[in-house]
Amino acid sequence: MKWLSRIFVAAALMTLAVSLRAQTRPVQTFGPVTITPIYHATLLIQAGGKNIYVDPAKPASFTGLPQADLILITHEHGDHVDQDQTSIKAISKPGTEIWAPAAVQSFVTSATVMNNGDKKKFDKWTIEAVPSYNLVRGPKEGQFFHPKGKGNGYVLTYGGKRFYFSGDTEATPEMKALKNIDVAFICINLPYTMTTDEAADAVKAFHPKVVIPYHYRGMPATDLNAFKQKLEGTGIEVRLLEWYPKAS
């Protein structure tokens, strides 16, 4: 019977490890909506019994997390979606829907295309695709890391609350024109998206109640603190979260 007790002990330890990993995720609650940062640009949104993932991609771990009802993908780059769909497969179940730009649908063939400006209902959610693109930055003259029309940000509305997920973008006119955003997740990193100054100026323009920087891999903590300092006195709450959990 010793082997049986060892199995039970091993199972208990595994459950505890999963629980501890889940506890380390900086879960955010906004009324009826819960948002769980997972890694880099990957996150889980929950409300009304539905689980919506944004940009599931390696090396994000989905241990202890529920399977998806809906997956939203902002664009085709590897830190937002796996070419081999490993992360999508890990969180999918029969009936999981995937909404994404055409550039993603070219290899995630089960995805429904959402273009810039599209607006759709999903259960009690309203989901809008917002343009996300570079204005000046690219690999060389005349090219952009994220061309206009190829990628989406998303505005999700539930229970009167509006959540913006920028995807990879610079401070575009469409971002600055956003209205009535309660919580904004804003990308910050060079050379692909924005500097802290650019991100702060963009946030000031559309003035969400709460802003959470993400997609900042490789940036020093001093830059994130500088972003927060630039928004002092604006009435915008800045939450600095850990998106890059260290391996245990």
Side-chain angles (χ1 to χ4, degrees), residues 25-47 52 54-55 72 74 80 116 119 125-137 146 151-245:
R25 296 185 176 113
V27 177
Q28 306 294 297
T29 301
F30 305 96
V33 179
T34 298
I35 299 179
T36 302
I38 300 173
Y39 187 87
H40 188 58
T42 305
L43 54 92
L44 166 63
I45 309 162
Q46 296 174 288
I52 302 174
V54 179
D55 285 348
L72 297 174
T74 60
H80 295 259
N116 292 173
K119 185 175 182 178
W125 290 88
T126 300
I127 300 174
E128 305 166 62
V130 180
S132 62
Y133 58 96
N134 287 111
L135 295 167
V136 297
R137 294 186 175 92
H146 307 93
N152 293 330
Y154 293 103
V155 175
L156 281 69
T157 303
Y158 181 92
K161 290 192 176 294
R162 287 166 55 79
F163 302 85
Y164 170 57
F165 304 91
S166 72
D168 282 10
T169 187
E170 292 184 47
T172 65
E174 293 90 343
M175 179 195 292
K176 293 179 179 180
L178 291 169
K179 303 293 184 186
N180 303 315
I181 300 296
D182 292 283
V183 183
F185 287 75
I186 296 292
C187 61
I188 306 176
N189 78 329
L190 291 178
Y192 303 105
T193 63
M194 293 183 280
T195 66
T196 52
D197 283 351
E198 291 166 350
D201 287 344
V203 169
K204 288 176 185 177
F206 69 92
H207 210 279
K209 293 177 182 175
V210 178
V211 63
I212 299 174
Y214 75 152
H215 195 281
Y216 57 80
R217 181 166 50 201
M219 283 183 57
T222 50
D223 285 5
L224 292 177
N225 289 328
F227 171 77
K228 184 173 184 177
Q229 290 170 4
K230 291 177 189 302
L231 292 173
E232 287 179 356
T234 62
I236 301 168
E237 178 186 352
V238 181
R239 299 188 187 182
L240 302 182
L241 308 180
E242 179 53 74
W243 289 84
Y244 303 95

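We're numbering straight along the sequence, starting at 1. Remember, predicted model here, so these are calculated numbers, not experimental data.
- Note: Tyr164 and Tyr154 fail the aromatic proximity criterion, with ring centroids not under 6.0 Å apart.
- When side chains are defined from C-beta on, Leu241 counts as touching Gln28, because their heavy atoms get closer than 4.5 Å.
- By the 6.0 Å contact criterion, NZ on Lys204 is enclosed, its count of non-hydrogen atoms from other residues, nucleotides or ligands being greater than 12.
- Residues Tyr244 and His40 form a side-chain contact, since some pair of their non-hydrogen atoms from C-beta on lies under 4.5 Å apart.
- Exactly one of Asp201, Asp197, Asn225 qualifies for a side-chain hydrogen bond (donor to acceptor under 3.5 Å, both in side chains) with Lys230. That residue is Asp197.
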Under the side-chain hydrogen bond (donor to acceptor under 3.5 Å, both in side chains) rule, what do Asp55 and Thr74 come out as? Steps first, then yes or no, please. CA-CA 7 Å; Asp55 285 348; Thr74 60; 2.8 Å; yes
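- Scanning all heavy atoms of the two residues, the minimum distance from Phe227 to Val203 falls at CZ-CG2, 4.3 Å.
- Each of Thr126, Leu72, Val183 was scored for a side chain to side chain contact (heavy atoms under 4.5 Å, CB included) with Leu156, with one residue passing: Leu72.
- Remark: the backbone N or O of Val136 is paired with a side-chain donor or acceptor of Glu170 at under 3.5 angstrom.
- Across Pro173 and Leu135, no two heavy atoms sit closer than the pair CD-CD2, 4.4 Å.
- Ring centroids of Phe163 and Phe185 are separated by 6.0 Å or more, keeping the two rings apart.
- In this structure, Ile52 and Leu44 have side chains that are not in contact, with every pair of non-hydrogen atoms separated by 4.5 Å or more.
- A distance-only check finds no donor-acceptor pair linking the side chain of Tyr214 to the backbone of Ile188 [under 3.5 Å].
- Across every non-hydrogen atom of Thr36 and Gln46, the tightest pair is OG1-OE1, 4.3 Å.
- The side-chain heavy atoms of Tyr158 and Ile45, taken from C-beta on, include no pair separated by under 4.5 Å.
- Counting heavy atoms from C-beta outward, Ile236 and His207 have side chains that approach closer than 4.5 Å.
- Using a 4.5 Å heavy-atom threshold, the side chains of Leu224 and Val238 count as separate.
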